[in-house]
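To start, the structure under review is shown below, and the notes come after it.
Computation of the quantities below employed the complete heavy-atom set of this structure, encompassing side-chain atoms and omitting hydrogens, waters and symmetry-equivalent molecules.
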Amino acid sequence: QVQLVESGGGLVQAGGSLRLSCVASGRTFSRNAMAWFRQAPGKEREFVAAINWSGSSTGIADSVKGRFTISRDNAKNTMYLQMNSLKREDTAVYYCSADNTYLGSWHRDDSDYDYWGQGTQVTVSS
């Protein structure tokens, strides 16, 4: 039984910061790519950021480039998303995901990930 649990979401004013965490249980993902996606009301789910198994390679969506940073701590089986300079358009449910492929590359398509968390709400006020 694999579980991914997000935390760290909440209400923040524009220009503020939040740090999201995703803790995996049931197995280790220390040799697997992981990623963050988000879905805003009335919008399609979109790619935010991804990271390879070791943390040596990352991908960032253009919409958050320069503001968000993805990282991981394999000893804690945990992935993070540091979000700075938050904007109203960042308001969404943020989802953690993991790829079952051993030593696989990260991807921008949500169909390439096998495990998903329930999401954490991020709301950026005006």
Side-chain angles (χ1 to χ4, degrees):
Q1 186 86 330
V2 175
Q3 290 191 58
L4 301 175
V5 180
E6 304 95 336
S7 63
L11 176 64
V12 64
Q13 292 184 337
S17 298
L18 286 173
R19 183 177 176 85
L20 304 184
S21 298
C22 171
V23 180
S25 62
R27 59 157 289 181
T28 179
F29 288 95
S30 63
R31 297 294 184 271
N32 304 81
M34 300 182 71
W36 290 97
F37 291 81
R38 69 185 183 185
Q39 188 167 24
K43 300 290 186 179
E44 185 180 53
R45 179 178 292 184
E46 66 174 343
F47 172 81
V48 178
I51 189 165
N52 77 331
W53 69 270
S54 69
S56 63
S57 177
T58 62
I60 306 293
D62 289 341
S63 59
V64 303
K65 191 178 300 180
R67 300 187 296 117
F68 290 12
T69 303
I70 188 171
S71 62
R72 67 190 299 164
D73 185 342
N74 284 338
K76 297 181 178 180
N77 214 15
T78 302
M79 177 179 64
Y80 305 97
L81 184 68
Q82 179 66 47
M83 305 185 294
N84 298 326
S85 301
L86 284 162
K87 305 174 180 179
R88 286 175 295 167
E89 52 263 43
D90 295 318
T91 295
V93 177
Y94 284 71
Y95 296 95
C96 171
S97 63
D99 187 355
N100 193 51
T101 302
Y102 184 73
L103 297 180
S105 180
W106 55 263
H107 314 277
R108 296 180 182 270
D109 194 325
D110 57 3
S111 67
D112 291 315
Y113 295 90
D114 303 288
Y115 304 100
W116 292 84
Q118 294 298 303
T120 185
Q121 177 71 49
V122 172
T123 302
V124 184
S125 67
S126 60

- What pairs of residues pass the salt bridge (charged side-chain N to carboxylate O under 4.0 Å, His left out) test when at least one of them lies in residues 78-95, not counting sequence neighbours? R38-D90, R67-D90
- Shortest non-hydrogen pair, A35 vs F37, comes out as CB-CE1, 3.8 Å
- Would a distance-only check, ignoring hydrogens and angles, find a side-chain to backbone donor-acceptor pair under 3.5 Å from R72 to N52? yes
- Mind checking the CZ-OH spacing from R31 to Y102? Nearest 0.5 Å is all I need. 5.5 Å
- Query: Quick one: does Q13's side chain have a donor or acceptor within less than 3.5 Å of a partner on S125's backbone?
  - Reply: no
- Taking atom OG1 of T69 and atom CG of N84, what is their separation to the nearest 0.5 Å? 6.5 Å
- Quick one: is the NZ or CZ of R45 closer than 6.0 Å to the six-membered ring centre of W116, and within 45° of its axis? yes
- Indicate yes or no: at least one non-hydrogen side-chain atom of N100 is less than 4.5 angstrom from one of R27. yes
- In short, Y95 meets G117 closest at the heavy-atom pair CD2-O, 3.7 Å
- Grab the two heavy atoms, one from F29 and one from N74, that are nearest each other, plus how far apart they are. O-OD1, 4.4 Å
- Message: If you compare all heavy atoms of G59 against all heavy atoms of F47, which two are closest, and at what distance to 0.1 Å?
- Response: O-CZ, 3.6 Å
- Query: If you round to the nearest 0.5 Å, how far is OG of S71 from CE of M34?
  - Reply: 11.0 Å
- Separation between SG (C96) and CD (Q3), nearest 0.5 Å, reads 12.0 Å
- Message: Side-chain heavy atoms nearer than 4.5 Å, only ILVMFWY residues, links allowed to pass through others: does that put W53 and Y80 together?
- Response: no
- Under 3.5 Å: donor-acceptor pair, side chain of E6, backbone of Q118: yes
- Search all heavy atoms of D62 against all heavy atoms of K65 and return the closest pair with its distance. OD1-NZ, 2.9 Å
- Should V23 and K76 count as side-chain neighbours, where that means a heavy-atom distance under 4.5 Å? no
- Query: About how many Å separate OH of Y113 and CH2 of W106, when rounded to the nearest 0.5 Å?
  - Reply: 7.5 Å
- Query: So, for L4 and A24, which heavy atoms are closest and what is the spacing to 0.1 Å?
  - Reply: CD2-CB, 3.5 Å
- Message: Keeping D99 on the side-chain end and N32 on the backbone end, is there a donor-acceptor pair under 3.5 Å?
- Response: no
- Message: Rounded at 0.5 Å granularity, tell me how far CD in Q82 sits from CG in L20.
- Response: 8.5 Å
